[in-house]
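Counting starts at 1 for both ligands and their atoms, following the listed order. Starting from 1, each residue takes its place in the sequence as its number.
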Amino acid sequence: MLSVHFVYFIYNILLSIFYSQFTTFHSIMITLLDYGAGNVRSVRNAITRLGYTVRDVQGPQDILTAEKLIFPGVGSFGSVMQRLHRDGMVEPLIERIRLNKPFLGICVALQALFEGSEESPGVAGLSILPGQVKRFTDRNLSVPQIGWNGIVLHKESPILKGYQDQKLYFVHSYRASVADVGPDWLLSTTDYGESFVSGVEKGNVTAFQFHPEKSGEAGLNILKNYLDSPESEAITVRQSLRVQDKRTHIAKRIIACLDVRTNDQGDLVVTKGDQYDVRNDGEVRNLGKPVELARRYYEEGADEITFLNITGFRDFPMKDQPMLEVLQRTSENVFVPLTIGGGIREFTDSDGKHYSALDVAAEYFRSGADKISIGSDAVYAVEEFLQTGKRSGKSAIEQISMVYGAQAVVISVDPRRVYVHAPEDTAHNTIETTTPGPQGENYCWYQCTVKGGREGRDIDALQLAQTCELLGAGEILLNCIDRDGTNSGFDHELIRQVRGAVSIPVIASSGAGSAQHFVDVFRETDVEAALAAGIFHRQEVPVSEVKEAMRKNGIETR
Ligand code: 1PR
C-alpha cells in the first residue's frame with residue numbers, strides 16, 4: 001500500500017511542476033541573514049517561490065560579498081543587536097550600507113538602522129539613521145499593531161510601484177518617528193494613531209516595517225521587485241511625491257481556523273465540533289485536509305490561518321511530526337500569518353528527556369509558525385500568578401514572549417457561561433446578560449476551562465486575559481464554548497467584557513453563521529479580528545463573501 005508520505009511527496013512534485021510554469025528561474029543567489037531567532041521560513045519560501053535560490057550568511061564576510069542581502073528582523077531589538085554583535089555582523093552591515101550594496105531589511109531590521117530603541121534601553125543600533133525607536137503611545141489603540149494597514153508613498157519607488165494602495169501586514173509594538181528621517185531616506189509612512197515610518201530607502205538600501213513575505217500576493221510582488229531590481233552604482237535620487245492628506249487605516253482581520261486531529265482511521269483531518277464535541281454518531285467529523293483547506297482559505301482572502309491541534313493537551317507535539325509537516329507544507333504556499341496552538345507547554349518524554357515550552361514553540365516557529373497559541377497552560381500560569389502574586393518567569397507565556405516578542409504569543413481562551421442571579425452570588429467578574437439562564441438568571445460569568453473544555457477552573461475570562469497580558473501575551477483568541485459550532489453569532493457580551501479589559505488585540509471566535517455576523521461583531525464591539533471555522537469548512541460562506549459584506553457596510557478590510 002502507498003504510504004501517506006509517498007502520496008504527499010508525489011503531490012508536492014506535481015504542485016511544483018504546476019507552479020514552475022509561472023516562475024522564472026534566476027541565476028542570482030539571494031543571501032539571507034538568519035540568526036535563528038524565529039520564523040524566517042516564510043521569507044525563504046517566498047524567495048524560492050519567486051524563482052531565486054537562497055543561501056544563508058555563514059560569516060561576516062558574506063555580508064559584504066552577497067549580491068543581494070535580505071535581513072528579516074525577528075525578535076526584540078535587543079536580541080537582534082545582541083546576535084549581530086555575537087556573530088560579528090555589525091561592522092560588515094554598516095559597511096555594506098555605506099557601500100550602497102543591495103539590502104532589504106524587514107520589520108525589526110528597519111528599526112535596527114536607528115540609534116536605539118525604547119524596547120531595549122542602552123542597546124545601540126546600527127546608527128545609520130538618527131533617533132530612538134519608540135513604543136506606540138495612543139491609549140485608544142491596542143498594542144502590538146497586528147494586521148493589515150496601508151502606506152503613503154513619499155517618493156517614487158520602483159519596489160513599491162503599483163502596490164502603494166494595497167494593505168500590507170504589520171506586527172510591531174515599536175515604531176520609528178517620521179521626524180527622525182530626512183527626505184533622502186523617507187520612503188513611506190503609515191498611520192496607527194500617529195504617523196510612523198513604514199519604509200526607508202536610499203539608493204540600493206531599503207527597509208520595511210511591514211512583512212512583504214506575509215502580505216499575500218501584493219507582498220510577494222514587492223519582494224519580487226526588490227529581487228528583480230538592477231543594482232545601480234550611484235545613489236539614484238528619487239523624485240519626491242506630494243503627499244496629500246491621506247491617512248491609512250488598519251483593516252479588521254478575518255481568520256480561518258482549522259481544528260486538527262487524528263481520526264479513528266489514523267488520518268490527520270480538519271474537524272469541527274458543536275460546543276467542542278467533534279464526534280458525530282461516534283465518528284470524528286472529517287471536514288478535509290489541513291494543508292489543502294489552508295491554501296483554499298488563503299486564496300479566498302483569509303487574512304490569517306490558525307491551526308489548533310485539539311488533542312494537544314493529551315499528545316506531545318514534538319512527537320507529532322505530522323503537525324509540523326502541516327505547517328511546513330502550508331508555509332510553502334500560504335503567504336499570510338500562520339498561528340499554531342495545542343500542546344504548547346513543557347513536557348518530559350518517556351525517556352526522561354525534558355522539553356521546555358520554549359523548545360516546543362521553537363520547533364513550531366522553525367516549521368513556519370508566526371505565532372503560537374497557548375490554551376490550558378495559560379490557565380495554569382494565571383492560577384499560579386494569582387496565588388503567589390508574582391511572576392515566576394518560567395511560564396510558557398513569559399519565556400516565549402521574552403525570546404520571540406509579545407506579538408508571537410496568543411492566548412486561546414475557552415470559556416463557558418455560569419449563570420447567577422446577582423453579581424454578589426460569585427466572586428467572579430459578571431455581566432448582565434440579555435440572554436438569561438435556565439432559571440431566569442440575569443447575570444453570568446465566563447468560566448475558563450482546560451483540556452479542550454473538559455475541565456472548568458476557578459478563574460474567569462477577564463482575569464485570564466488581563467493576567468496573560470501582564471505576563472507578556474500579545475493577543476487574545478476569545479472562544480466561547482456556548483456558541484461554538486452553533487451558527488448563532490458571536491457572543492458580544494463576552495467580547496465587550498474582555499476587549500474592554502485589555503490593551504492587546506482580541507480575536508472574536510465561536511458562533512459565526514453568516515457574513516452578517518462578522519459585520520455585527522465589528523459594529524457592536526471593538527475587536528480587531530474575527531475567526532470562524534464551521535461555515536468556512538462546510539462551504540456555507542466563503543471568506544470572500546464575508547469581506548464583501550464588510551466592505552458594503554463600511555468596515556475597513558483588506
Ligand atoms: O490547551 O494549549 O493544548 O490548546 C488546545 C487548543 O485546542 C485550544 O485553543 C482549544 O480552544 C482548542 N480545542 C481543544 N478542544 C477543542 C474541541 O473543539 N474539542 N477547539 C478545541 C476549539 C476552536 C475554536 C473554533 C471556534 C469557531 N475550537 O477556535 O474554531 O469556536 O468555531 P465555529 O466558527 O465553527 O463556531 P492547549
Original post:
Does R253 come within less than 4.0 Å of E304, counting only side-chain N to carboxylate O?
Top reply: yes
Original post:
Under 3.5 Å, N or O to N or O, is N309 touching ligand 1 that way?
Top reply: no
**OP:** Considering only NZ, NE, NH1 and NH2 on the basic side and carboxylate oxygens on the acidic side, decide whether D277 and K272 come within less than 4.0 Å.
**Re:** no
Original post:
Do any N/O atoms on I344 end up under 3.5 angstrom from N/O atoms on ligand 1?
Top reply: no
**OP:** Report the part of K272 in contact with ligand 1, treating N, CA, C, O as backbone and CB onward as side chain, heavy atoms under 4.0 Å; options are side chain, backbone, both, neither.
**Re:** side chain
Subject >> Crowding at CD, E540 (>12 non-hydrogen neighbours, <6.0 Å) >> reply: yes
Subject >> Cationic N near anionic O, under 4.0 Å, R366 to E363 >> reply: yes
Subject >> Contact atoms of ligand 1, heavy-atom distance to G511 under 4.0 Å >> reply: 36 (O)
Subject >> Selection from D414, I310, V410, L478 by shortest heavy-atom distance to atom 16 (C) of ligand 1 >> reply: I310
Subject >> Basic-acidic side-chain contact under 4.0 Å: R551, E548 >> reply: yes
Original post:
Salt bridge or not for K547 and E545, using N-O below 4.0 Å?
Top reply: no
**OP:** Give yes or no for whether the N/O distance cutoff of 3.5 Å, strictly under, is met between S510 and ligand 1.
**Re:** yes
**OP:** For L308, counting its heavy atoms only, list the atoms of ligand 1 lying under 4.0 Å from any of them.
**Re:** 9 (O), 23 (C), 29 (O)
**OP:** Run down the list G375, G452, A396, S412 and name the one with the heavy atom closest to atom 14 (C) of ligand 1.
**Re:** G452
**OP:** Heavy-atom contacts with S376 under 4.0 Å: which atoms of ligand 1 show up? List them by number with element.
**Re:** 1 (O), 2 (O), 37 (P)
Original post:
So, K214 and D370, do they make that salt bridge, N to O below 4.0 Å?
Top reply: yes
Original post:
Do D484 and ligand 1 have an N or O pair less than 3.5 Å apart?
Top reply: yes
Subject >> Selected option - heavy-atom contact closest to atom 34 (O) of ligand 1, from A533, G513, A256, A508 >> reply: A533
Original post:
So which heavy atom on A46 is nearest to which on E213, and how close?
Top reply: CB-CB, 4.3 Å
Original post:
Are the charged groups of R41 and E332 less than 4.0 angstrom apart, N to O?
Top reply: no
Subject >> Distance-only N or O hit between ligand 1 and T486, under 3.5 Å >> reply: no
Original post:
Does a salt bridge link R558 with D303, judged by any charged N lying under 4.0 Å from a carboxylate O?
Top reply: yes
**OP:** Run the contact test for S509 against ligand 1 with a 4.0 Å cut-off on heavy atoms, strictly below, and give the result.
**Re:** yes
Original post:
Hey, does I504 have a side-chain heavy atom less than 4.5 Å from the side chain of E475?
Top reply: no
Original post:
Do any nitrogen or oxygen atoms of G343 lie less than 3.5 angstrom from nitrogen or oxygen atoms of ligand 1?
Top reply: yes
Original post:
For G485, is at least one N or O under 3.5 Å away from an N or O on ligand 1?
Top reply: yes
Original post:
Under 4.0 Å from any heavy atom of A532, which atoms of ligand 1 are there?
Top reply: 34 (O)
Original post:
Got an N/O contact under 3.5 Å between D259 and ligand 1?
Top reply: yes
Original post:
Under a 4.0 Å heavy-atom limit, does L531 contact ligand 1 with its side chain, its backbone, both, or neither?
Top reply: side chain
Original post:
Heavy-atom contacts under 4.0 Å between C257 and ligand 1: side chain, backbone, both, or neither?
Top reply: side chain
Original post:
What atoms of ligand 1 come closer than 4.0 angstrom to any heavy atom of G534?
Top reply: 33 (P), 34 (O), 35 (O)
Original post:
Can you check whether S373 has an N/O within less than 3.5 Å of an N/O in ligand 1?
Top reply: no
Subject >> Short N-O contact, R285 and D274, less than 4.0 angstrom >> reply: yes
Original post:
N487 and H517: which non-hydrogen atoms are nearest, and at how many Å?
Top reply: O-CE1, 3.4 Å
Original post:
Should D377 be listed as contacting ligand 1, given a heavy-atom distance under 4.0 Å as the test?
Top reply: no
